[in-house]
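First the structure, in the form of C-alpha cells, and then the observations on it.
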Number of protein chains: 4
Amino acid sequence: MFIIDIQNKVPIFEQLKKQILEFISIGILLPNDKLPSVRSLATDIGVNPNTVSKAYQELENQGYIYSVKGKGCFIADNQTDQLIKDDKLDDFKGCVNEMKKHQITKDKLLEIIEEVYKEETV
Amino acid sequence: MFIIDIQNKVPIFEQLKKQILEFISIGILLPNDKLPSVRSLATDIGVNPNTVSKAYQELENQGYIYSVKGKGCFIADNQTDQLIKDDKLDDFKGCVNEMKKHQITKDKLLEIIEEVYKEETV
Amino acid sequence: MFIIDIQNKVPIFEQLKKQILEFISIGILLPNDKLPSVRSLATDIGVNPNTVSKAYQELENQGYIYSVKGKGCFIADNQTDQLIKDDKLDDFKGCVNEMKKHQITKDKLLEIIEEVYKEETV
Amino acid sequence: MFIIDIQNKVPIFEQLKKQILEFISIGILLPNDKLPSVRSLATDIGVNPNTVSKAYQELENQGYIYSVKGKGCFIADNQTDQLIKDDKLDDFKGCVNEMKKHQITKDKLLEIIEEVYKEETV
DNA sequence: GTGGTCTAGACCACC
DNA sequence: GTGGTCTAGACCACA
C-alpha cells in the first residue's frame, strides 16, 4: 500500500506522512478508518518502527489522525481532507510566488497547468 | 545585497545559492559579472568563508558560475538565466502534479495564480 | 582498503573519489553495496571526516553513489560501472587527441598499448 | 597566436607552456626562434606579465628555451622537439595504465585511436 | 550509529 | 588579493 524510496532525500517519516495525507485527500482513507499498526507497517515497508511511530505522532500532533491506547491510530473526522487540501494550496501559492520572483510569466504557468491536467491520471 | 536568515532551517549555503540564482534569473547579475569574493561576502553576511565557498562551488559544479583562482568567481555565460528558469518551471510542474494527485481542481490553481500575479511586487 | 598519499599534490578527496570509482569500475563495489561510514573511513586513512565527506558528497552529486541520513552511503544502481568506464574512455580520447596534435604517429601509440597490456597486473 | 581560456581550470601559465611546447613539437617554433617578449605577449593575450614570466621561467628550467639578458627568450636547440614528444608519450602511457586499471579492454582503446586518427586535422 | 552543516583558523597555488 | 584544501571540533536530524 505504501511506497517509500530510500534513495530519496526526503526523510522516510516525511514520505510516509505525505502518502497518508494523500490517501485521506483522495478518499482512500476515510474518517475513523484504522491505520495499520506501527509494527506491522514498519515490517511491511522495511523500516524501523521508530520511523513509522514518528510519522504517526506528527500526524496526530497536527490533528490529522488520533490514537487510542491499545487500539491503534484512526483518521480524524473534522473535515480532515479539506485541511489537507488547504495546506497543499498554501504550498502551491508559495511555489507560484517563487515563479513570480524569477520573473516567469503567468502564461508559462497556465501552459504547464493545462499540460498536466490534460494528461491521463496514472 | 544578500540576505540570509541564520534561524532558518534551510542551510545557509542553500539560501545563498538560491538568491544568487534569483539575481541571475532577474538579470541583476549578468554573464561574466564578478561575484563578491568569498571572504568579503562571508564577512558581509556574517558567516564563515567556508560556507560561502561551498555555495560558490556547488553553483560552479552545476554550471551556473565559474571560478578562477587568484581572480574570483564569475557568472557563466551560456544562457544561464534561461537554464535557471527552466529548472524553476520543472519545480512548478512537479508542484502542479502534486496538486492533481490531491484531486485539487484546475480552477483553484488558476485562482491562486491570478491572485499572486495581481499583487504589487514588494 | 583505500590508500591515500598525503604528500601527493592531488587533493585527498580527489584521490578517494578516484579509488572508489576504480573499485566500482572493477566490480569490487557493487550496486547498493555500503561504503564505509564517513567517520570510520576517516580514522582508517588518517584524515579529517570532512575530507571523506566531501569526497562522498561529490560522488553523490555526480550520481555514482547515494547517501541516506542515519544509514550510510551506498553505490548507485544505474549501470554506474559503465558510466565510469565511458568517462574514462572520454579521458583517453582526449589524451589521444593530444598526441595527434603533437604529431605523434599512431604506431607509437599502438606500441605503448601493447607494452602496457602485456605486463602482468600488479 | 596564443589562445588562453580563462574559464579553464588549468592555470594560465600552464596553458601557455603547453601551447609553446605544442608549437615546438609541430615545428612552428624552430630552434633559436625568438619568443615574444614577456610584456608584449602579456598584453596580447590580456594576462598579467608575471603569468607569462612564470611560464617562460619554467620552460627555461626544463631546458626547452633559453633566455638572453636584454635580448629575450629563444627556443633551445638540442632535440627539443623529441624531448617534448617523449614527455607526451609518458603521459599517454600513464593514461593507458589508467584504462587498464579500470579493466577497459585493449580493443576499445585501439578503436578510439583509429577513430581519432581517421578524422581530418582541424 | 549515520550523514549534513557550520565555525575557526591554517596553508597553498595562482594572479 | 583570489579561490581551494584541510583540520579540529561542534551541533543537528534521521534511523
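Chain letters run A, B, ... following the sequence lines, proteins first, then strands; residues in each count from 1. Nothing here was measured: the structure is a model prediction, and the numbers come from that model.
The distance between atom NZ of K54(A) and atom C1' of dC12(F), rounded to the nearest whole Å, is 11 Å. Atom-to-atom, CG of L59(B) to C1' of dG3(F) comes out at 14 Å; the value is rounded to the nearest Å. As rounded to whole Å, 19 Å separates atom P of dT5(F) from atom CD of Q7(C). Distance, K17(B) NZ to dT5(E) P: 10 Å, rounded to whole Å. In this structure, K69(C) atom NZ and dC11(F) atom C1' are separated by 12 Å, rounded to whole Å. One interatomic measurement links the two molecules: CD of Q57(B) to C1' of dG4(E), which rounds to 16 Å at whole-angstrom precision. Rounded to a whole Å, the CG atom of L16(C) is 11 Å from the P atom of dT7(F). One can place CG of N8(C) at 14 Å from P of dT5(F), the figure rounded to the nearest angstrom.
Electrostatic pairing of E60(C) and K9(A) counts as a salt bridge here, judged by a charged N lying under 4.0 Å from a carboxylate O.
Candidate nucleotides dT5(E), dT5(F), dT2(F) were compared by shortest atom distance to the side chain of S53(B), and dT5(F) ranks first.
Considering only side-chain N and O atoms, K71(C) lies nowhere under 4.0 angstrom from the phosphate OP1 or OP2 of dG1(E). Listed pair S67(B) / dG4(F) meets the phosphate criterion, a side-chain N or O lying under 4.0 Å from OP1 or OP2. Residue K9(B) places at least one side-chain N or O closer than 4.0 Å to OP1 or OP2 of dA13(F). Look at T51(B) and you'll find a side-chain N or O under 4.0 angstrom from OP1 or OP2 of dT7(E).
Residue N50(B) places a side-chain atom within donor-acceptor reach of the base of dG9(E), judged by atom type and a 3.5 Å distance cut-off alone. Between the side chain of R39(B) and the base of dG1(F), no donor-acceptor pair of N or O atoms lies under 3.5 Å.
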Practice task
Output, in order, the C-alpha distance, side-chain angles, deciding distance and verdict of ring-ring contact (aromatic ring centres under 6.0 Å, His included) for F2(C) and F23(C).
Solution key: CA-CA 10 Å; F2(C) 294 99; F23(C) 286 155; 5.4 Å; yes

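Without hydrogens or angle criteria, Q15(C) side chain to V10(C) main chain gives a donor-acceptor distance under 3.5 Å.
Both P11(C) and I12(A) sit near DNA chain F, but only P11(C) has its closest nucleotide nearer the 5' end. Heavy-atom nearest nucleotides on DNA chain E were determined for E60(C) and for I6(B), and the one closer to the 5' end corresponds to E60(C). Positionally, the nearest nucleotide of DNA chain E for C73(C) lies more toward the 5' end than for the other of G46(B) and C73(C).
Using a 4.0 Å heavy-atom distance criterion, V47(A) is classed as making no nucleic acid contact.
At a cut-off of 3.5 Å, with distance as the only test, a side-chain donor of Q7(D) or D77(B) sits close to an acceptor on the other residue.
Figure legend. dA10(F) is base-paired to dT5(E); pairs are counted as Watson-Crick or G-U wobble with both atom distances under 3.5 Å.
Looking only at side-chain heavy atoms (C-beta outward), K54(A) and E58(A) come within less than 4.5 Å of each other.
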